[in-house]
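Worksheet: one structure, shown below.
Predicted model, so just to flag it, every value in this text is computed and none were measured.
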Amino acid sequence: MAASGSAGWQRMRLTFICISGLRPAIPEQAEALVAWQPPADITALFPRLKLLFSVGAGADQFDLGALPPELPVIRMIEPGLTQGMVEYVTFAVLGLHRDMPRYFHQQRQQQWLAHAALPAAQRRVGVMGLGELGQAALQQLVALGF
């Protein structure tokens, strides 16, 4: 499988191993690893490792201090991940904006009491980080009037 990148990577042929909670059958042959979180004993398990790909939105879940300093960590960007996060953030913001926890509580109490609803423009929403996901979420929230 060939991999290339904008950081001056030359085309390379790599042996990929993907892990998902289970140990791969032949880790000592892997040159690239695709993982949510690599195993703690990554150097011993994967002695030929040249690249580590994060399947998350970033690489915050990695303990970079525990990884070999020469091992590049590559964040993969997948449009479905961004869209899914935008949908989740929109769902959460609108739920809080429309006071849904209060209505769910009332529902459990078998009550119906109407409450005043503020326009989105009168709410403040904070987005922590304006990377790929933060910017996409913010764009959607601005389109809704926040």
> Which atoms form the tightest heavy-atom contact between Gly95 and Pro101, and what is the distance?
Replying inline: O-CD, 3.8 Å
> What residues, two or more places apart in sequence or in another chain, satisfy ring pair (Phe, Tyr, Trp, His ring centres under 6.0 Å) together with Phe146?
Replying inline: His97
>> Give me the atom names and distance for the closest heavy-atom approach of Pro47 to Ala44.
In response: CD-O, 3.8 Å
> Quick one: salt bridge (Lys or Arg N to Asp or Glu O under 4.0 Å) pairs with a partner in residues 90-106, sequence neighbours left out?
Replying inline: Asp99-Arg102
> According to a 4.5 Å side-chain heavy-atom criterion applied to Ile, Leu, Val, Met, Phe, Trp and Tyr, with indirect links allowed, do Leu118 and Leu113 form part of one hydrophobic cluster?
Replying inline: no
>> Could you walk me through whether Leu52 and Phe62 satisfy the side chain to side chain contact (heavy atoms under 4.5 Å, CB included) test, starting with their C-alpha distance in whole Å, then the side-chain angles of each, then the deciding distance to 0.1 Å, before giving a yes or no?
In response: CA-CA 10 Å; Leu52 176 58; Phe62 289 0; 3.6 Å; yes
Per-pair distances, 0.1 Å, donor-acceptor, side chain in residues 129-144, under 3.5 Å, sequence neighbours excluded:
| unit_1 | atom_1 | unit_2 | atom_2 | d |
| --- | --- | --- | --- | --- |
| Gln135 | NE2 | Leu130 | O | 2.7 |

> Is there a donor in the side chain of Gln61 and an acceptor in the side chain of Ser54, or the other way round, less than 3.5 Å apart?
Replying inline: yes
> Residues in side chain to side chain contact (heavy atoms under 4.5 Å, CB included) with Pro68, at least two apart?
Replying inline: Ile42, Thr43, Glu70, Leu71
> How far does CZ of Phe53 sit from CG of Leu33, to the nearest 0.5 angstrom?
Replying inline: 10.0 Å
> By side chain to side chain contact (heavy atoms under 4.5 Å, CB included), which residues pair with Arg124, not counting sequence neighbours?
Replying inline: none
>> What's the separation between atom CH2 in Trp112 and atom CD in Gln106, rounded to the nearest 0.5 Å?
In response: 7.0 Å
>> Quick check on the hydrophobic clustering: are Leu81 and Val55 connected, directly or via other members, by side-chain heavy-atom contacts under 4.5 Å?
In response: no
>> Go through it in stages, so that I can follow the logic: the residues are Tyr103 and Gln107, the test is side chain to side chain contact (heavy atoms under 4.5 Å, CB included), and I'd like the CA-CA distance, side-chain angles, deciding distance and then a yes or no.
In response: CA-CA 6 Å; Tyr103 286 109; Gln107 182 183 33; over 6 Å; no
Listing, residues 82-94 side-chain donor-acceptor contacts under 3.5 Å, not counting sequence neighbours, or none:
| unit_1 | atom_1 | unit_2 | atom_2 | d |
| --- | --- | --- | --- | --- |
| Gln83 | NE2 | Glu87 | OE2 | 3.1 |
| Thr90 | OG1 | Val86 | O | 2.7 |

